[in-house]
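Computed from a prediction, not measured in an experiment: that's the story for all the values here. Values below: every heavy atom of this structure, side chains too, minus hydrogens, waters and symmetry copies.
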Amino acid sequence: MPAQMPTRDGPRVNEDIRVPQVRLIDQDGEMIGVMSAREALLRAYDVGLDLLEISPNAIPPVCKILDYGKYKYEQQKKANEARKRQKVVELKEIKVRPNIDDHDYGVKMRQMKDFIGEGDKVKVTLRFRGREMAHQDLGLKVLDRIRTELAETTKVEQMPRLENRQMIMVLAPK
């Protein structure tokens with residue numbers, strides 16, 4: 001079984017560029033033109049830099065003379081910056097009851113607004129106990145009140161639906 005070369009991710013560099021002709025851009029960003037890959041590689045070595053294939057799908061492929069180590073460093077820095085900026089959307093849960101008091105309702109609404117403001121989804125769970133199951137319309141009224149108060153900042157991702165002894169509704173930020 002022949003030993004395989006480890007595959008490298010990223011653009012091809014120096015001797016890995018195996019095409020007869022390339023379009024060359026020098027280290028100052030000047031377009032040199034179409035030439036043989038060998039000649040382009042020699043030019044890169046003359047200035048002590050690497051030949052990097054920038055767009056391999058072009059005809060002929062576009063190559064640039066630059067410092068490959070510095071290029072890799074810049075790419076890694078960009079990737080880290082992008083990873084730092086992205087936000088993972090979490091699902092926060094708020095539990096309410098059908099006969100919730102006005103003050104408690106206000107506290108829950110403030111929490112929901114905070115979660116939505118941070119860009120998280122909110123799962124509103126309304127739990128029925130004992131004989132409250134006979135009055136599901138009261139629970140639906142509470143969920144409708146929440147939905148109308150948060151209508152300008154959220155969209156309903158999952159309409160209220162009954163699961164066993166609880167009603168569940170999911171709100172997502174607009």
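- Annotation: the span from Ile32 atom CD1 to Glu39 atom CD amounts to 10.0 Å, rounded to 0.5 Å.
- For Glu163, the salt bridge (charged side-chain N to carboxylate O under 4.0 Å, His left out) criterion is met by Arg161, not counting sequence neighbours.
- With a 4.5 Å cut-off on side-chain heavy atoms, Leu66 and Asp50 do not count as touching.
- A pairwise comparison of heavy atoms in Pro60 and Gln21 identifies CB-O, 3.5 Å as the closest pair.
- Under the 3.5 Å distance criterion, the side-chain polar atoms of Lys174 are matched with a main-chain donor or acceptor of Ala151.
- For Glu118 and Lys92, the salt-bridge test fails: no basic side-chain N is under 4.0 Å from an acidic carboxylate O.
- Note that CD of Glu74 is 7.0 Å distant from NZ of Lys78, once rounded to the nearest 0.5 Å.
- Within the 4.5 Å cutoff, no side-chain heavy atoms of Ile17 are placed close to those of Asn14.
- Two residues are said to be in side-chain contact when any heavy atoms from C-beta on lie closer than 4.5 Å; Gln111 and Lys108 meet this criterion.
- Taking CG of Asp67 as the start and CD of Gln27 as the end, the distance is 11.5 Å to the nearest 0.5 Å.
- In this structure, Arg43 and Leu24 have side chains that are in contact, with non-hydrogen atoms separated by less than 4.5 Å.
- Not a single salt bridge (charged side-chain N to carboxylate O under 4.0 Å, His left out) links Glu93 to another residue, sequence neighbours left out.
- Using modelled atom types, one side-chain atom of Asp26 and one backbone atom of Asp28 make a donor-acceptor pair closer than 3.5 Å.
- Residues Ile25 and Met35 are members of separate hydrophobic clusters, defined by side-chain heavy-atom contacts under 4.5 angstrom among Ile, Leu, Val, Met, Phe, Trp and Tyr.
- Other residues sharing a hydrophobic cluster with Val142 under the 4.5 Å side-chain heavy-atom criterion for ILVMFWY residues are Ile94, Val96, Ile100, Tyr105, Met109, Met112, Phe115, Ile116, Val122, Val124, Leu126, Phe128, Met133, Leu140, Leu143, Ile146, Leu150, Val156, Met159, Leu162, Met167, Met169, Leu171.
- Linking ILVMFWY residues whenever their side-chain heavy atoms come closer than 4.5 Å, directly or via other members, places Val19 and Leu51 in the same cluster.
- With contacts defined as side-chain heavy-atom distances shorter than 4.5 Å, the pair Leu52/Pro11 qualifies.
- Using a 4.0 Å cut-off between a side-chain N of Lys or Arg and a carboxylate O of Asp or Glu, Arg147 and Asp144 qualify as a salt bridge.
- By the 4.5 Å heavy-atom criterion applied to side chains, Val22 and Val62 are not counted as neighbours.
- The line from NZ of Lys95 to NZ of Lys123 is 9.0 Å long, rounded to the nearest 0.5 Å.
- Taking a cutoff of 4.0 Å between a charged side-chain nitrogen and a carboxylate oxygen, Arg145 and Glu149 qualify as a salt bridge.
- Atom-to-atom distance recorded for Glu132:CD and His135:NE2 is 9.0 Å, nearest 0.5 angstrom.
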Inset, instruction - Show the numbers, then the answer: is there a side-chain contact (heavy atoms from CB on, under 4.5 Å) between Leu138 and Asn99? - result: CA-CA 8 Å; Leu138 291 175; Asn99 52 356; over 6 Å; no

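- Annotation: the span from Arg127 atom CZ to Arg129 atom CZ amounts to 8.0 Å, rounded to 0.5 Å.
- Around atom CD of Glu152, more than 12 heavy atoms belonging to other residues, nucleotides or ligands sit under 6.0 Å away.
- A 6.0 Å sphere centred on CG of Asn80 holds more than 12 heavy atoms belonging to other residues, nucleotides or ligands.
- Ion pairing between a basic and an acidic side chain is recognised when a charged N comes within 4.0 Å of a carboxylate O; Glu90 and Lys121 show no such pairing.
- Hydrophobic clustering (ILVMFWY, side-chain heavy atoms < 4.5 Å, transitive): Tyr71 and Tyr73 are in distinct clusters.
- Just one of Arg12, Arg18, Arg23, Lys64 meets the salt bridge (charged side-chain N to carboxylate O under 4.0 Å, His left out) condition when paired with Glu53; it is Arg12.
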